[in-house]
Protein chains: 2
Amino acid sequence: MLERHHLMILRAVKQEGSLTAAATQLCLTQPALTHAMRKLEQRLGTAIWNKEGRQLRLTQAGEYLLQTAERLLPQFEHAEDVVRQFAEGLRGTLRVGMECHPCYQWLLKVVSPYLKQWPDVDVDVRQKFQFGGIGALFGHEIDLLVTPDPLFRSGLHFEPVFDYEQVLVVADTHKLAAQSQVEPEQLAGETLITYPVEPERLDIFNRFLTPAGQSPRRHKQIETTDIMLQMVAAGRGVAALPRWLVVEYQNRLPIQPLRLGGKGVHKQIFLGSRVADSDVDYLNAFVNLARNPATNDGC
Amino acid sequence: MLERHHLMILRAVKQEGSLTAAATQLCLTQPALTHAMRKLEQRLGTAIWNKEGRQLRLTQAGEYLLQTAERLLPQFEHAEDVVRQFAEGLRGTLRVGMECHPCYQWLLKVVSPYLKQWPDVDVDVRQKFQFGGIGALFGHEIDLLVTPDPLFRSGLHFEPVFDYEQVLVVADTHKLAAQSQVEPEQLAGETLITYPVEPERLDIFNRFLTPAGQSPRRHKQIETTDIMLQMVAAGRGVAALPRWLVVEYQNRLPIQPLRLGGKGVHKQIFLGSRVADSDVDYLNAFVNLARNPATNDGC
DNA sequence: TTAAAGATGCTCGAACGCCATCACCTGATG
DNA sequence: CATCAGGTGATGGCGTTCGAGCATCTTTAA
């Protein structure tokens with residue numbers, strides 16, 4: 001069978017001009033090359049080269065194999081190089097899963113400097129998982145999970161990366177806008193806009209309304225943060241979002257953040273990873289960057 | 001070192017889904033594959049796959065190598081296929097050398113059906129040789145030589161492929177046009193047009209004029225047959241060409257062929273080849289086709 | 001519990017590389 | 001012109017190495 005080995009001999013003979021010199025290049029002896037090529041010739045059923053005087057002349061088959069060698073050998077060498085980069089953790093694809101809708105804006109601030117530091121790492125962000133974010137981690141759909149709900153379980157590692165306060169957003173013109181905080185019963189007559197997620201997983205329900213036995217008059221679900229805040233600004237409802245996100249949008253939209261209850265609802269975002277990956281440099285680098293973002297804006 | 005062998009294992013495992021099945025496909029045993037890949041992993045310094053439950057999950061390095069395998073292995077297989085065709089004489093490049101200017105028209109008639117019969121053979125026609133046609137054959141510049149001057153010498157084989165008569169061509173209006181033959185002394189006052197070749201190698205000189213001690217009034221050299229015959233038709237000179245060629249041009253130009261002397265000058269064209277190539281099918285096929293052309297028009 | 005997957009360690013044999021030598025060509029040298 | 005020396009690839013024998021197989025173990029999933 002035609003092997004990489006044979007292609008290397010062909011290329012070396014081409015480069016060096018003789019079998020003996022090629023053998024030196026390959027750290028072998030001339031008989032080794034002669035034997036190898038002779039065996040190949042027998043298997044292929046054709047001569048690779050003919051001896052003419054003291055030099056070798058390639059047959060047409062030999063010419064063709066040489067072309068093949070010049071094309072394939074660099075690909076072998078490049079593949080070994082790339083794999084070495086994988087081995088050293090210098091290259092890879094980082095698939096980040098998101099289980100926290102408003103975190104997308106925060107993630108962008110981490111990804112951007114990260115891509116500069118790790119030019120050979122591709123970052124891929126995914127938001128839909130067949131068996132949830134944890135399942136996606138276990139199933140190797142993703143390598144990192146951005147989530148507010150850590151699950152401390154063997155095989156996984158969760159690291160808090162930033163704290164934020166969940167607040168209620170209302171339009172400037174809303175009757176609650178003058179208050180600095182809001183109580184559960186004040187939402188009884190409101191339309192609540194949330195991301196399309198089961199209510200049990202929304203903080204506004206399980207840490208604010210449900211404990212007080214309250215619920216909003218209506219519950220609307222909207223995918224994107226932009227549209228959601230447009231609706232709020234237009235007085236079509238209220239929403240619950242991180243304070244830093246609301247502050248950012250206040251430049252552009254007439255909206256106000258209100259503390260949820262007397263103490264506010266405080267949350268942590270975690271980055272989850274498989275412990276099996278704990279020695280992958282480019283992955284740890286992402287977690288570190290997320291914990292101490294270069295463009296830390298205090299949120 | 002990364003070998004074809006390893007790539008084949010990767011591809012087989014991908015196809016079959018397990019090491020054991022892959023081993024069957026490759027006519028090996030499961031431990032053989034395990035050992036081979038383990039060794040590769042040690043050399044590369046990274047895992048190719050991890051065992052998860054009873055199935056293997058490729059690492060990123062493994063994924064990359066698999067991609068490499070799917071790209072490179074078909075190229076190996078194709079190369080072996082092509083070389084097998086070379087071995088069986090089904091494929092090659094046939095470089096034909098020409099030492100006989102008017103033979104080009106004849107050659108086209110042979111090449112055209114040949115290319116249909118041998119779709120995987122490329123034909124290349126060359127007309128300039130540093131050390132002459134014979135030298136080009138010996139030096140592997142060409143594989144076949146079309147020549148009127150065979151040189152029977154060890155290592156070469158010449159085969160007569162067609163006979164023709166060399167005739168003088170004159171314009172219809174030429175004073176000699178009425179004759180059916182011409183004598184050497186009748187050219188003393190004429191302008192003779194020939195291809196740009198040394199006169200000693202031109203039949204009109206060495207088999208007609210020189211033996212009679214004659215020479216033309218002027219001698220012009222022109223490269224192409226077309227222009228040469230245009231000149232003749234215009235009464236600007238006479239030329240010596242194969243009869244069949246003149247007959248062909250008579251449809252388009254007012255020209256006449258005249259026998260050279262009482263018996264005419266009869267020539268043979270030979271195809272020369274290296275005896276070392278005597279078992280190359282596509283080369284023999286060309287010689288056979290040349291000897292019995294499909295479109296044999298009696299010349 | 002069982003069947004099936006991969007991992008492991010040992011053994012054996014084929015193949016691969018090296019050494020010594022041969023055969024051949026080429027160019028220098030008398 | 002004959003000879004010789006240096007360098008090429010070819011060849012055959014030998015030793016080592018590497019690789020494949022066998023038997024067995026571990027783990028997983030049905």
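Every chain is numbered from 1, with letters handed out A, B, ... down the list of sequences.
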Undergrad: Between the protein and nucleotides 15-18 of chain D, which nitrogen or oxygen pairs are less than 3.5 angstrom apart?
TA:
none

Undergrad: Among residues at least two apart in sequence or on other chains, which ones pass side-chain hydrogen bond (donor to acceptor under 3.5 Å, both in side chains) with K51(A)?
TA: none

Undergrad: Do the ring planes of F286(B) and Y114(B) sit parallel (below 30°), tilted (30 to 60°) or perpendicular (above 60°)?
TA: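 Taking Y114(B) first and then F286(B), their aromatic rings stand perpendicular (interplane angle over 60°).
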
Undergrad: E3(B) CD to dC16(C) P: how many Å, rounded?
TA: 11 Å

Undergrad: Could I get the full list of side-chain hydrogen bond (donor to acceptor under 3.5 Å, both in side chains) partners for R71(B), not counting sequence neighbours?
TA: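 Expected list: Q75(A).
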
Undergrad: Do you know which two heavy atoms are closest between L137(B) and L144(B), and how far apart they sit?
TA: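 Scanning both residues, the minimum pair turns out to be CD2-N, 4.0 Å.
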
Undergrad: I'd like a list of close polar pairs between nucleotides 5-8 of chain D and the protein, N/O only, cut-off under 3.5 Å.
TA:
unit_1, atom_1, unit_2, atom_2, d
dG6(D), N2, R54(A), NH2, 2.5

Undergrad: How many whole angstroms separate atom NE2 of H5(B) from atom C1' of dA15(C)?
TA: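 Going from H5(B) (NE2) to dA15(C) (C1'), I get 14 Å.
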
Undergrad: Between E52(A) and L33(A), who's closer to the 5' end of DNA chain C by nearest nucleotide?
TA: L33(A)

Undergrad: Figure out the CZ/C1' separation between R57(B) and dT27(D), and round it to whole Å.
TA: 17 Å

Undergrad: Taking atom types as modelled, is there a side-chain donor on E63(A) or T59(A) under 3.5 Å from an acceptor on the other?
TA: no

Undergrad: Can we say E3(A) and R4(B) salt-bridge, meaning some charged N sits less than 4.0 Å from an Asp/Glu carboxylate O?
TA: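 Here E3(A) does not pair with R4(B) in a salt bridge, since their nearest N and O are not under 4.0 Å apart.
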
Undergrad: For R4(A) and dC16(C), what is the distance between atoms CZ and P respectively, to the nearest whole Å?
TA: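 Checked: the CZ to P distance equals 17 Å.
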
Undergrad: Rounded to whole Å, please give me the gap between CE in M37(B) and C1' in dA20(D).
TA: 16 Å

Undergrad: Considering all heavy atoms of both residues, which atom of K14(B) and which atom of L66(B) are nearest to each other, and what is their separation?
TA: CD-CD2, 3.6 Å

Undergrad: Polar-atom pairs under 3.5 Å, protein N or O versus N or O of nucleotides 8-11 of chain C: list them with distances, or write none.
TA:
unit_1, atom_1, unit_2, atom_2, d
dT8(C), OP2, R38(B), NE, 3.4

Undergrad: Whole-Å distance between dC18(C) P and L26(A) CG?
TA: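 The answer, rounded to whole Å, is 11 Å.
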
Undergrad: With sequence neighbours excluded, tell me which residues meet side-chain hydrogen bond (donor to acceptor under 3.5 Å, both in side chains) with T46(A).
TA: none

Undergrad: Between E80(A) and H78(A), do the side chains contain an N or O donor and an N or O acceptor separated by less than 3.5 Å?
TA: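 Looking only at side-chain atoms, H78(A) and E80(A) do not form any donor-acceptor pair under 3.5 Å.
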
Undergrad: So does E77(A) pair up with R84(A), basic N to acidic O under 4.0 Å?
TA: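 A salt bridge is absent here (no side-chain N lies under 4.0 Å from a carboxylate O).
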
Undergrad: How long is the line joining CG of L56(A) and C1' of dA10(D), in whole Å?
TA: 11 Å

Undergrad: Answer yes or no: is there an ion pair linking D143(B) with R274(B), defined by an N-O contact shorter than 4.0 Å?
TA: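 Yes, D143(B) and R274(B) are salt-bridged.
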
Undergrad: Can you check the I48(B) CD1 to dA7(C) C1' distance for me, whole Å?
TA: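 Rounded to the whole Å, the gap is 16 Å.
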
